[in-house]
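Here the structure comes first, spelled out in structure tokens, and everything after it is commentary.
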Amino acid sequence: MKIQLLSPAGEIHRNRTGIFKSSLRYAPLTLTTLAALVPRELNALVAVQDEGVGPLDLDADADLFGITAITGTAPRAYAIADELRARGKTVVLGGPHATLLPDEAAAHADAVVIGYAEHSWPQLLRDFAAGKLQPRYAMPTGRVLAGVPHARRDLLVQRKYATVNSIEATRGCPHRCDFCVVPTAWPNTYAHRPVAEVVAELATFQKRHAVFIDLSPMEDVTYAKALYRAMIPLRMRWIGLSTTRIAEDDELLRAAAQSGCKGLLIGFESISQATLDGTRKHFHAAGRYADVVKKLHDHGIGVQGCFVFGFDTDGPDVFEETVEFVDRARIDLPRYAVLTPFPGTGLFRRLEGEGRLLTRDWTYYDVEHVVFRPKQMTPDALQAGLEWSWRQSYRWRSIGRRFLGAPPSIWPLWISLNAGYRYYAAHLHEKTGNAEWIAPGEVGSTDAAWPSATTEPLDDVVAIR
Ligand code: SF4
């Protein structure tokens, strides 16, 4: 049996034509984990293709194609699936979007995998080999993820990524933020791999660094401490994600730092407590964000801070206030997104009920296009404010100000990542001008109250690929 696993990419992230450079790209785990889960007795040949680093080969001589898609890549995944099926190939669709909308995905596939695949994917392949493929597979993840095989990183074109050492220790998240796909697609899922298994996989990495893709690894404090303490002898450097909980527990923070943590992505989302409370992210205290960043810096840990614009509580001042806060708090690597109502979330239901969705073309649900009518500004003002914020935060002046807070131990990584996002910020507008409902003049004014005159031209940015 020959199996071809495909991951289509959106325009922003596509190889060559996209603006997300390889210095920012770690290898995704989905395809390599699926490849590792192929049952041995099938003697299958497996290939993986990530459109983020190379074109997809639809002419491959495979018996079965597996395609994974998030919402923003779903239309592209469907088009590819339709093309392959027209050629007589068997296609399986899975991933977050197929999990959110399995009926929609089923119209483009011979089988749909709903949810995590560590049990259903091997079963599906055995059924396919026996000529008994079922239209749907949904087998829940348990509380403990024991025995998950090591991802097949050997199948990747490794030089195309900043690192292929991505790894997962926990799955899911115990919180229920109103806008987030995670509690909708994987409700009541918060699972862990045994610490010894994670450490054993880390020990196989060729270089002593890793990227943990876990969404909320610190929410089970006991598990997180045990994992970090067990990692200390490996003498690794790693980056990952966290909520602000990391800064509330000194013992946890010390263990993370001693285990080699050098950077954490934190979804701050908003500097307004009213906004956080209104989206069920009340466990974050906006008033303590600057202290959180300072505390992490004091432990040699950099912060990638993610902010979202477009909440009903966001007025036109939100862009300038957020950008100013990011500089003042010395957030090492800011990232901005527009609020995006992913299907099935509470946010989607509310905006749909209020008649505020502007499109159901999922291609634009990539967190950089405005797809709904905001409450306190026009869609084009929100779009322009988003792009302004990106550019503003990646001016040399801003970068320099934020660099003053960066721990020296992360300077090389800091510079490389800021260069990557400076390029992204400078070119984002080239990828977002394709949605007619946010074209200035069609849906309202662009008279947002941010100082566009201070925007620094970024023409001097060079590609870093
Ligand atoms: S936004 Fe983060 S903390 Fe909230 S539910 Fe999603 S993954 Fe969990």
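We use all heavy atoms of the structure for the numbers below, so side chains are in, but hydrogens, waters and symmetry mates are not. Whatever order the structure lists ligands and atoms in, that order sets their numbers, starting from 1.
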Q | Mutual orientation of the aromatic rings belonging to Y289 and F268 [parallel < 30°, tilted 30-60°, perpendicular > 60°] | A | tilted
Q: Give the residue, atom name and distance (to 0.1 Å) of the protein heavy atom nearest atom 2 (Fe) of ligand 1.
A: K281 NZ, 3.8 Å
Q: Would you mind checking if R229 and E251 are paired as a salt bridge, meaning a charged N to carboxylate O distance below 4.0 Å?
A: yes
Q: Inspect the surroundings of OH in Y26 and state if more than 12 heavy atoms from other residues, nucleotides or ligands are less than 6.0 Å away.
A: no
Q) From atom 8 (Fe) of ligand 1, how many protein N/O/S atoms are found at a distance short of 2.8 Å? A) 1
Q: Not counting sequence neighbours, which residues clear salt bridge (charged side-chain N to carboxylate O under 4.0 Å, His left out) with E201? List them please.
A: R153, R193
Q) Relative to the heavy atoms of F283, which atoms of ligand 1 are at a distance of less than 4.0 Å? A) 3 (S)
(Q) Can you classify the ring geometry of W186 versus Y116 as parallel (below 30°), tilted (30 to 60°) or perpendicular (above 60°)? (A) parallel
Q. Which word best sums up how the rings of F307 and F325 line up, parallel for under 30°, tilted for 30 to 60°, or perpendicular for over 60°?
A. perpendicular
Q: Measure the acute angle between the ring planes of W390 and Y336, then classify it against the limits of 30° and 60° as parallel, tilted or perpendicular.
A: perpendicular
